[in-house]
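A quick note: this is a predicted structure, and the numbers were derived from the prediction, not measured. In the text below, chain A, chain B and the rest are named by the order of the sequence lines, each starting its count at 1.
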Number of protein chains: 2
Amino acid sequence: MLSKTCEYALRAMIYVAQNSQNGTMVNIKEISENIGSPELFIGKILQNLSKQGFLQSSKGRYGGFYIDEKDAKRSLADIVVAIDGDKMFRGCGVGLDYCSEKKPCPIHYEYKEARTAIHNIYKSATLVQFKSLTRDVPVRLKRT
Amino acid sequence: MLSKTCEYALRAMIYVAQNSQNGTMVNIKEISENIGSPELFIGKILQNLSKQGFLQSSKGRYGGFYIDEKDAKRSLADIVVAIDGDKMFRGCGVGLDYCSEKKPCPIHYEYKEARTAIHNIYKSATLVQFKSLTRDVPVRLKRT
DNA sequence: AATAATTAAGACAATTTTGTCTGAATTGAA
DNA sequence: TTCAATTCAGACAAAATTGTCTTAATTATT
Ligand code: SF4
Ligand code: SF4
């Protein structure tokens, strides 16, 4: 489905969004411990997303990553596309290079519909949603 | 979504099913040319599926692969699971190891539903379906 | 029986993805 | 200012996936 890199990215973004309350930055050690990823690898991933404008970063002591209100409105779909591209949302069910509407295969219409449903789910899911959920029901981002 | 290996496998199985009409075997050269895969690689993949009982093979001159009526009733889902496992059909939307019904994340229920829809599509799609379609509307298995 | 054409098997190789290391740059605090 | 803690950048390394080669076994035809 999603690449491992992309899964780490989603979990990390959710975690950072949840913990970007009062201006304090979240560092990669804390992130990796909480989402169950290699520390330096999630660093690389967030560096990339940071350059693409998905979150803010700060070097030096007490530095780390931060997601402000505006960025928390981004959807999971945006993050997925930024890392894995849109193959998951637009690709073919049996791996062809393009989707042939003219000569569709037996699963084409059903597949396309389901694929669109998945896309809509990721598009309408924002980081804020996960953030606001923190209070009463903490989202589990890691196997315990 | 699916691994490249699995995509090759699906396309090859569809092709072989379509061309297993009158007892003649289909060889890997023909298959690879028609589905756009490396010849020896699809050989390996079909060897594997053959050992798992998804199709028949025969060595020697005029040998190749063959899918009989019974095997053509297998679903695409069976093939996917045989190669990629069931991560696509049962995995989490953000990459956790297990699906937590007790503390679901904001996308859990929608995601689960869509994932099940995808699963049902692959489960109900059989090789025969593609086979019977051959006559009037040939399925395109390769980029032209 | 000899030959040509095919899959089977396992080792090997290339590529992509995932993960690590090292040093530089930056930042806040002492 | 100095120091410690952090991200940044790029090279490097390991692992997984994808693809190839070589030889053997098998089969039908001649
Ligand atoms: S018709 Fe089927 S095989 Fe062809 S592009 Fe669409 S989903 Fe893929
Ligand atoms: S609740 Fe959400 S994050 Fe947790 S396992 Fe289900 S889909 Fe994944």
Any N/O donor-acceptor pair, [X] side-chain to [N] base, under 3.5 Å:
| X | N | result |
| --- | --- | --- |
| A:Lys59 | D:dA5 | no |
| A:Lys44 | D:dA9 | yes |
| B:Lys4 | D:dG19 | no |

[X] side-chain proximity, nearest of [options]:
| X | options | answer |
| --- | --- | --- |
| B:Lys51 | C:dA9, D:dT6, C:dT7 | C:dA9 |
| B:Gln47 | D:dC8, D:dG19, C:dA8 | C:dA8 |
| B:Arg61 | D:dA4, C:dA4, C:dT7 | C:dA4 |
| B:Pro38 | C:dT18, D:dT20, C:dA8 | D:dT20 |

*Please report, rounded to the nearest Å, how far the P atom of D:dC8 is from the CG atom of A:Leu49.*
11 Å

*How many Å lie between CZ on B:Phe65 and P on D:dT26, as a whole number?*
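In whole Å, D:dT26 P and B:Phe65 CZ are 16 Å from each other.
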
*Between A:Cys6 and A:Leu40, just flag the one whose closest nucleotide in DNA chain C comes earlier from the 5' side.*
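Per heavy-atom nearest nucleotide, the more 5' residue is A:Cys6.
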
N or O in side chain of [X] less than 4.0 angstrom from [N] OP1/OP2:
| X | N | value |
| --- | --- | --- |
| A:Tyr62 | C:dT26 | no |
| A:Ser57 | D:dC8 | yes |
| B:Ser58 | D:dT27 | no |

_Regarding B:Tyr66, tell me which of base, sugar-phosphate or nothing describes its non-hydrogen contacts under 4.0 Å with the strands shown._
nothing

*Would you mind classifying the nucleic acid contact of B:Leu46 as base, sugar-phosphate or nothing, using non-hydrogen atoms under 4.0 angstrom?*
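Nothing, no nucleic acid heavy atom in range.
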
_I need the B:Ile79 CD1 to B:Ile45 CD1 distance, nearest 0.5 Å._
12.0 Å

_Which atom of A:Ile67 lies closest to which atom of A:Ala72, heavy atoms considered_ = CG2-N, 3.6 Å

*Where is the tightest heavy-atom contact between B:Ile28 and B:Gly43, given as atom of each residue plus distance?*
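That closest heavy-atom pairing would be CG2-CA, 3.7 Å.
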
*Got more than 12 heavy atoms from elsewhere within 6.0 Å of NZ, A:Lys87?*
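Buried by this count: over 12 neighbours within 6.0 Å.
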
*Return yes when atom CD of B:Glu39 has more than 12 non-hydrogen atoms of other residues, nucleotides or ligands closer than 6.0 Å, and no otherwise.*
yes

